[in-house]
There are 2 protein chains.
Amino acid sequence: MPKLDRTDLRLLAVLQGEGRITNAELAERVSLSSSACLRRLQRLETDGVITGYAAQVEPQAVGLGLQAFVRVQLARHEAGAIERFVEKVEGWEEVVACHALTGDMDYLLHVYVADLPHFSRFLLDRLLNDAGVADANSSFVLRTVKRSPSLPLGHLEG
Amino acid sequence: MPKLDRTDLRLLAVLQGEGRITNAELAERVSLSSSACLRRLQRLETDGVITGYAAQVEPQAVGLGLQAFVRVQLARHEAGAIERFVEKVEGWEEVVACHALTGDMDYLLHVYVADLPHFSRFLLDRLLNDAGVADANSSFVLRTVKRSPSLPLGHLEG
DNA sequence: GACAGCGCGCAATATCCTTGCGAAGAGAGC
DNA sequence: GCTCTCTTCGCAAGGATATTGCGCGCTGTC
């Protein structure tokens with residue numbers, strides 16, 4: 001874990017909210033010259049603190065009207081079965097996140113689909129078909145209260 | 001929902017993966033002149049298809065070693081109680097996402113913390129203290145199998 | 001007090017963004 | 001079939017930005 005000073009944290013905070021800001025304005029925000037700012041930014045990238053940049057797309061605007069969280073139980077838990085499941089998950093573009101969790105269920109999937117028929121195809125044709133899934137329990141998103149692209153950084157402030 | 005042609009979809013796909021790409025290279029990727037590319041990009045932004053850009057930060061690199069999903073049940077379900085809960089959630093930076101879901105529990109929270117003591121403070125001092133929460137059920141992330149910043153776009157391809 | 005290491009700002013060049021302009025193509029109405 | 005309109009394109013120019021080399025100043029060590 002590379003050490004980050006207050007300026008680095010301000011850079012990260014700004015970039016988590018405005019990832020496409022110009023280096024010149026970023027430098028002004030954190031009270032640095034543009035060259036010093038660029039060098040810090042490049043260091044954060046090469047050190048792996050910043051892993052990339054992404055445009056945030058409005059789901060409704062691209063016809064993704066339905067989100068679901070699916071809790072999954074695998075039928076078998078040998079390394080091979082898990083690896084096969086992971087590879088399938090990585091290939092399904094509807095799944096934007098998949099975590100192995102403590103608790104009753106093995107995995108939690110976050111899924112974006114156009115509508116219920118689309119979800120039905122995903123569930124029946126993909127998830128429950130030849131992926132080694134014993135049980136799947138779906139919950140649909142009624143309302144998104146918060147969706148922040150920014151990780152918390154407050155715990156690092158000196 | 002604004003209509004998006006194939007070029008728009010390619011723009012979105014590229015920008016979801018490389019949000020800080022220069023307009024010149026973006027134009028080359030989608031076989032457009034830089035001016036035409038920029039005008040499409042600005043239209044996607046003003047139409048609300050692209051809502052912003054964000055740097056992706058590696059959680060481990062900023063000392064966030066623990067992720068949890070917390071399922072929450074509210075004590076009361078009047079509009080006022082819900083609004084108060086939502087406002088609290090928006091103020092907690094540890095919570096990067098909060099969704100109201102179908103099923104047994106009212107809300108699902110995605111939480112990033114440094115460690116178990118940090119999570120304990122979050123749970124006891126914030127979530128279970130004066131936020132109107134009747135019950136909370138936590139699951140910790142053992143392994144992140146997939147975390148994609150990109151929404152699926154395949155369903156729109158002609 | 002001298003020295004090394006680090007991070008900074010300045011300045012110059014190369015690259016990129018941004019806007020105005022005219023042309024080509026698609027679709028509507030007659 | 002013709003024309004008119006609307007949209008989107010590429011080109012070009014000027015202004016802004018990114019990127020690099022260089023020298024200075026600060027800090028900690030010996």
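Note that this is a predicted model, so its numbers are computed, not measured. Both backbone and side-chain heavy atoms feed into the values below; hydrogens, waters and symmetry mates do not. Chain naming here is simple, since letters A, B, ... match the order of the sequence lines and numbering starts at 1 in each.
Going from atom CG of Asn23(B) over to atom C1' of dG10(D) covers 14 Å, rounded to whole Å. Following rounding to the nearest Å, Lys3(B) (NZ) and dG27(C) (P) show an atom-to-atom distance of 11 Å. Rounded to an integer number of Å, the gap from CZ of Arg20(A) to P of dC17(C) is 7 Å. For the pair Ile21(A) CD1 and dC16(C) P, the computed distance is 20 Å after rounding to whole Å.
Note on ring orientation: taking the six-membered ring where Trp is involved, the planes of Trp92(B) and Phe85(B) are perpendicular (angle over 60°, cut-offs 30° and 60°).
A salt bridge links Asp130(B) with Lys88(B); the closest basic N to acidic carboxylate O contact falls under 4.0 Å.
Judged by distance alone, with hydrogens and angles left aside, the side-chain atoms of Thr144(B) form no donor-acceptor pair with the main-chain N or O of Lys146(B) at under 3.5 Å.
No side-chain donor-acceptor contact under 3.5 Å links Glu94(B) and His155(A). No side-chain donor-acceptor contact under 3.5 Å links Tyr53(B) and Gln16(A).
Residues of residues 28-42 of chain A that place a heavy atom closer than 4.0 Å to DNA chain C, in numerical order, are Leu32(A), Ser33(A), Ser35(A), Ala36(A), Arg39(A), Arg40(A).
Ring pair His99(B)/Phe69(A): centre-to-centre distance below 6.0 Å.
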